[in-house]
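Notes follow once the structure below has been shown.
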Amino acid sequence: QVQVVESGGGLVQPGGSLRLSCAASGSMIGINVMGWYRQALGKQRELVASIPEEGGSTEYADSMKGRFIISRDNSKNTVDLQMNSLKPEDTAVYYCRAWNIYSEYARDFWGRGTQVTVSS
């Protein structure tokens, strides 16, 4: 069992920045990728960014490229998401996910989410 906890959400003004943090704990065996998703009211959940445990490359949704940066600390099993130049349309609940890229049905864990609101 893996526990995933997000933090860092809040209210920011358009053009501002916010840094989200995700901490995973428990049995991390088989977990080889972590990432962030978001879901705005009335919309489907979408990928924000993901980062592999080792090797590979980071992946970003097109609308996030150039504004968001994902990073990780393997020793602490944490993944951060630095969000810059925030827009009102970035308002959503942001979820952290830890899973196995080859067997997500067996190893797939989600946090409860953290609210990000971009408004003046």
Side-chain angles (χ1 to χ4, degrees):
Q1 187 68 38
V2 175
Q3 304 297 129
V4 181
V5 180
E6 307 97 334
S7 63
L11 174 65
V12 296
Q13 296 184 352
S17 298
L18 199 63
R19 188 177 184 86
L20 304 182
S21 296
C22 172
S25 61
S27 179
M28 295 293 290
I29 298 176
I31 303 297
N32 54 22
V33 63
M34 294 181 68
W36 289 91
Y37 290 73
R38 72 182 186 185
Q39 185 167 20
L41 186 63
K43 296 185 178 181
Q44 295 182 332
R45 187 172 299 184
E46 63 177 343
L47 172 71
V48 175
S50 64
I51 185 168
E53 180 81 359
E54 297 180 12
S57 61
T58 56
E59 181 179 351
Y60 296 90
D62 289 339
S63 62
M64 323 300 175
K65 293 180 180 178
R67 297 192 300 126
F68 292 6
I69 299 295
I70 189 170
S71 61
R72 62 182 171 85
D73 185 337
N74 290 330
S75 65
K76 299 180 180 179
N77 291 320
T78 59
V79 176
D80 290 353
L81 182 69
Q82 178 65 45
M83 304 185 293
N84 301 314
S85 301
L86 286 164
K87 307 173 182 179
E89 50 263 44
D90 292 320
T91 296
V93 176
Y94 285 71
Y95 298 90
C96 183
R97 182 190 184 193
W99 73 103
N100 183 289
I101 192 67
Y102 305 111
S103 185
E104 59 188 90
Y105 297 103
R107 304 290 287 176
D108 189 7
F109 305 93
W110 293 82
R112 293 183 177 181
T114 184
Q115 178 70 48
V116 172
T117 301
V118 184
S119 176
S120 60

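Each residue takes its place number in the sequence, starting with 1. The structure presented is a predicted model; accordingly, all values stated were derived computationally and were not measured.
Note that the CG atom of Leu81 and the CE atom of Met64 stand 9.0 Å from one another [nearest 0.5 Å]. Note that CD of Glu59 is 10.0 Å distant from CD1 of Ile70, once rounded to the nearest 0.5 Å. Distance check: Glu53 CD to Asn100 CG gives 11.0 Å after rounding to the nearest 0.5 Å. For the atom pair CD1 (Ile69) and CZ (Arg19), the distance works out to 10.0 Å, reported to the nearest 0.5 Å.
Here the closest non-hydrogen pair linking Gly9 and Val116 is CA-CG2, 4.3 Å. When every heavy atom of Pro52 is checked against every heavy atom of Arg72, the shortest pair comes out as O-NE, 2.7 Å.
Evaluation of the ring-ring contact (aromatic ring centres under 6.0 Å, His included) test over residues 70-97, restricted to residues two or more places apart or in two chains, returns none. Listed by first and then second residue, the salt bridge (Lys or Arg N to Asp or Glu O under 4.0 Å) pairs that reach into residues 1-16 come to none, sequence neighbours excluded. Residue pairs meeting the ring-ring contact (aromatic ring centres under 6.0 Å, His included) criterion with at least one member in residues 96-120, sequence neighbours excluded: Tyr37-Trp110. Identified under the ring-ring contact (aromatic ring centres under 6.0 Å, His included) test for residues 61-90, with sequence neighbours left out: none. Residue pairs meeting the salt bridge (Lys or Arg N to Asp or Glu O under 4.0 Å) criterion with at least one member in residues 107-120, sequence neighbours excluded: Arg97-Asp108.
For Ser120, the side-chain contact (heavy atoms from CB on, under 4.5 Å) partners two or more places apart in sequence, or in a different chain, are Pro14. Here Lys43 pairs with Ala40 under the side-chain contact (heavy atoms from CB on, under 4.5 Å) rule; sequence neighbours left out. Legend: residues meeting side chain to side chain donor-acceptor pair (under 3.5 Å) with Asp90, ordered by chain and number and at least two apart, are Arg38, Arg67. Listed by chain and number, the residues in a side chain to side chain donor-acceptor pair (under 3.5 Å) with Ser17 are Asn84 (sequence neighbours excluded). The side chain to side chain donor-acceptor pair (under 3.5 Å) test applied to Lys65 returns Asp62, not counting sequence neighbours. Not counting sequence neighbours, the partners of Val12 by the side-chain contact (heavy atoms from CB on, under 4.5 Å) test are Leu18, Leu86, Val118.
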Evaluate the criterion side chain to side chain contact (heavy atoms under 4.5 Å, CB included) for residue pair Ser119 and Leu11; output intermediate values, then yes/no. CA-CA 7 Å; Ser119 176; Leu11 174 65; 4.2 Å; yes
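Put simply, Met83 and Tyr60 are part of the same group of oily side chains (I, L, V, M, F, W, Y) that touch within less than 4.5 Å, one to the next.
Ser50 places no side-chain N or O within donor-acceptor distance of the main-chain N or O of Gly35, the cut-off being under 3.5 Å.
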Mind listing the side-chain donor-acceptor pairs of residues 21-28 below 3.5 Å, one per line with the distance, residues two or more places apart or on another chain?
from: Ser21; atom 1: OG; to: Asp80; atom 2: OD1; distance (Å): 3.2

